[in-house]
Each structure stands twice: as structure tokens, then as C-alpha cells.
Amino acid sequence: MTAQRLMLLDTASLYFRAFFGVPDSVQAPDGTPVNAVRGLLDFISRLVEEYQPTDLVCCWDNDWRPQWRVDLIPSYKGHRVVAVRTDRPDIEEVPDPLETQIPVIIEVLDAFGISIVGADHYEADDVIGTLATTATMPVDIVTGDRDLFQLVDDSAEVRVLYVARGVAKHERMTEHVVVEKYSVLPQQYADFATLRGDASDGLPGVAGVGDKTAASLLLSYGDLSGIRAAAADPGSSLGPGPRGKILAASDYLDVAPTVVAVARDIDLGTPETTLPSEPYDPVALAALAERWGLSSPVERLTGVLAAR
């Protein structure tokens, strides 16, 4: 019997990567671009073939910019907003040729019987955090987002397959690799990210604190609470430079940890995560493959699933 293994895909991270990495000349018979669909299916085929997961979930951004995070840090992902809405999630800046492909991605995944899981008011990261934390088997998280390094846990057999340099050149992030790259433990990574900030997410960080200073502070004081306690204690060994920077960022540090920390306790019900060995709806899948010119990637993934 094959050992159980759960693969969690940061789906948007992968289809954005596919969209920008696969030529837009890849089109359906009617001229509609399908490069993101084709690329995502090829990514899944490659990953399933290499890692042989028994379970797989395409984790979804039901809300890419949750209001509760924006309430705490208004700049959170603010540079990506193209339209603000009060009744639904704000509209993210997404190229039109990609936007039109997202419904096709959902239809194809549904026809395969591959699980899609999202949660209202939460990002895919939070879905990943919850599923990884509650899993009863080893977990591979596939993402281009460094924030998910906070979930790496050797004892629970949770690792990140980091695809920033491409799916074909992904890195396996274990505790040792995280420490080697950033000089912090995975359980310190959220505090590390809070301190140094992240322009791509609109997180300002602590002014004047970069990667090296953040890592050094965490090495000395353990976590953000320890650093802030040292800054507030005139008798501590914390130097005047870092002390002043930490104290000046007090308001930001009150709220940022909640924004940066991945949720691990969402009520997701009991989603079916088993990866099928054959398509759930082969008739619908065949029709989609013909309509969108996806015969090759659909055949490949079908073959990979059957060969497990």
C-alpha cells in the first residue's frame, strides 16, 4: 500500500506563474488564451509524478485581501487593488487574459475530481495552514510565497516545495534549509517577516530593520515578544539603535503579527482530499479538452493519475 502523502497547492501562485511562464500564443481553437490552464495542469502532472501524493488539494483564495487583515494594516496588498467593494472582496489587479481562464481552471479541476478548497474571508495561505496543521499524514506545500515557511515542521513532516525559480527548479524547504537561508527557525519566520516587512504584500516592517538585523534580534531574544520586552527594558542588552527602531514601530508591531501569521484553525468541514486515479467526469473532461484545446495536458495528467 502506498504511504499516504498530502500535497497542498497554492493554486493562484501556480496559475499566475503558468500565465507568465507559458507563451500566450497557447490558445484554444477559438483564439482564447489557455496558457495558464495548460501550465497549471502540466505543473500538477510534474508534481504528482515526482512526489506521488495520495491526497491533493487546490487551495483557493476565496478572499485574496481579507478585510480583517486590512483593518489591522490598511496598506495590506493595497497596491494590487483596482476596485474597492463593500459587499464582496476587493478586485485584484489580474490581467484580463488570465481572468478569463480561471473559470476554465475550476471546470477542468472539477471534471478531474481534484479537490478545490477555499474559505470565505480567508486566503489560500490560511486554508493551507489549517490543512497542514490538522493533517494526519506528511504534507508537501507547493507555493512561491515565503510566508508559508512558517509552516515547515520536520517533526510533523511538513515541508514547502518552493517554486520561486520555477516548478522544475523548486527547492525543498525543510527546517535545515530555512535556517541555512535565513538564520531563523521556521517557527520564528512569521516574526522575521513582520520585522523586515514585505513590499509585495504592503507590509512596511520596522524602519531600518532588514533580514540580518531581524535574524540577529530573533537569535538573541527568541521571538517578537522577547525583542519588544528587551526594547522596553532599559537594563537589557539591546543596543540603542535597534531599541529605538523597535519602540518607534510599536503601533505596527501591535497588529502585524496577526496579519502575517497564517490561520491554522479555519472550519473547513471535512473536504474530500483523495487524489483520484481516473477522472471523476470523463465525458465533461473530454468536452472541455476539445473546446479549449487541452487534449495534451489532460491526457498527460490522466496518465499520471492512473500510473500511481
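- Looking at Ser200 and Asp198, their side chains do bring a donor and an acceptor atom within 3.5 Å of each other.
- A salt bridge is defined here as a Lys NZ or Arg NE, NH1 or NH2 lying under 4.0 Å from an Asp or Glu carboxylate O, and Glu50 with Arg172 meets this definition.
- Electrostatic pairing of Arg159 and Glu171 does not count as a salt bridge here, judged by no charged N lying under 4.0 Å from a carboxylate O.
- A distance of 12.0 Å separates NZ in Lys245 from CG in Leu195, rounded to the nearest 0.5 Å.
- Here the shortest heavy-atom pairing between Val163 and Gly144 reads CG2-N, 3.7 Å.
- A 4.5 Å side-chain heavy-atom check between Val117 and Trp60 finds every atom pair outside the cut-off.
- Closest non-hydrogen pair, Pro257 versus Thr194, comes out as CA-OG1, 4.1 Å.
- Of all the heavy atoms in Ser250 and Arg228, the pair that sits closest is OG-NH2, 3.1 Å.
- Side-chain polar atoms of Asp145 and Thr143 form no donor-acceptor pair below 3.5 angstrom.
- For the atom pair NZ (Lys181) and CE (Met173), the distance works out to 6.0 Å, reported to the nearest 0.5 Å.
- Of all heavy-atom pairs between Thr130 and Ile266, the closest is OG1-N, 3.1 Å.
- Counting heavy atoms from C-beta on, the side chains of Thr32 and Gln27 never come closer than 4.5 Å.
- Counted by atom type alone, Glu272 and Thr274 present one or more donor-acceptor pairs between their side chains at under 3.5 Å.
- Side chain of Trp68 to main chain of His121: a donor-acceptor pair is present (N/O by atom type, distance under 3.5 Å, no hydrogens or angles).
- Tyr189 and Tyr182 have perpendicular rings, their planes meeting at more than 60° on a 0 to 90° scale where under 30° would count as parallel.
- Remark: side-chain polar atoms of Lys77 are not paired, donor with acceptor, to backbone N or O of Gly202 under 3.5 angstrom.
- Using a distance-only test at 3.5 Å, with no hydrogens or angles considered, a donor-acceptor pair links the side chain of Arg243 to the main chain of Asp233.
- Under 3.5 Å, the side chains of Thr134 and Arg264 contain no donor-acceptor pair of N or O atoms.
- With sequence neighbours excluded, the residues forming a side-chain hydrogen bond (donor to acceptor under 3.5 Å, both in side chains) with Gln101 are Asn35, listed by chain and number.
- Remark: Leu301 CG to Asp42 CG distance equals 9.0 Å, nearest 0.5 Å.
- Counting heavy atoms from C-beta outward, Leu285 and Val298 have side chains that approach closer than 4.5 Å.
- Each of Asp10, Leu9, Asp140 was evaluated against Leu161; a single residue qualifies, Asp140, per the side-chain contact (heavy atoms from CB on, under 4.5 Å) test.
- Within the 4.5 Å cutoff, the side chain of Pro204 has heavy atoms near those of the Ser75 side chain.
- A salt bridge between Arg291 and Glu107 is absent, with no side-chain N of the basic residue lying under 4.0 Å from a carboxylate O of the acidic one.
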Notebook entry, point to check: Where do Asp153 and Glu175 land on the side-chain contact (heavy atoms from CB on, under 4.5 Å) test, with the steps shown first?
Noted result: CA-CA 7 Å; Asp153 184 341; Glu175 290 183 8; 3.9 Å; yes
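- A distance of 8.0 Å separates CG of Leu109 from CD1 of Ile106, quoted to the nearest 0.5 Å.
- By the 4.5 Å heavy-atom criterion applied to side chains, Val37 and Trp292 are not counted as neighbours.
- For the atom pair CZ of Phe192 and CG of Leu219, the computed distance is 12.5 Å after rounding to the nearest 0.5 Å.
- The aromatic rings of Tyr162 and Phe149 sit perpendicular, their planes meeting at an angle over 60°, well past the 30° parallel limit.
- Put simply, the side chain of Arg17 gets close to the backbone of Ala164: a donor and an acceptor are under 3.5 Å apart.
- A donor-acceptor contact closer than 3.5 angstrom is absent between the side chains of Tyr221 and Ser216.
- Between Arg308 and Thr54, the side chains place no donor N or O within less than 3.5 Å of an acceptor N or O (distance only, hydrogens not considered).
- Side-chain contact between Met7 and Val142 is present, with heavy atoms from C-beta onward closer than 4.5 Å.
- Counting heavy atoms from C-beta on, the side chains of Ile128 and Val262 never come closer than 4.5 Å.
- A salt bridge is defined here as a Lys NZ or Arg NE, NH1 or NH2 lying under 4.0 Å from an Asp or Glu carboxylate O, and Arg146 with Asp201 fails to meet this definition.
- Of the candidates Asp126, Asp63, Asp125, Arg69 forms a salt bridge (Lys or Arg N to Asp or Glu O under 4.0 Å) with just one, namely Asp126.
- Counting all heavy atoms, side chain and backbone alike, Pro74 lies closest to Arg65 at O-NH2, 3.1 Å.
- Taking the side chain as every heavy atom from C-beta outward, Thr302 and Phe112 approach each other to under 4.5 Å.
- Here the two rings, on Phe43 and His170, have centers that are 6.0 Å apart or farther.
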Item checked: side-chain contact (heavy atoms from CB on, under 4.5 Å) between Gln188 and Asp223, intermediate numbers included -> CA-CA 6 Å; Gln188 296 174 308; Asp223 57 19; 5.9 Å; no
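- Minimum heavy-atom separation, Thr273 to Ser115: CA-CB, 4.4 Å.
- Between the side chain of Glu49 and the main chain of Arg46, no donor-acceptor pair closer than 3.5 Å is present.
- Proximity of a side-chain donor or acceptor of Tyr252 to a complementary backbone N or O of Gly205 within less than 3.5 Å is detected.
- Atom-to-atom distance recorded for Leu151:CG and Leu131:CG is 10.5 Å, nearest 0.5 angstrom.
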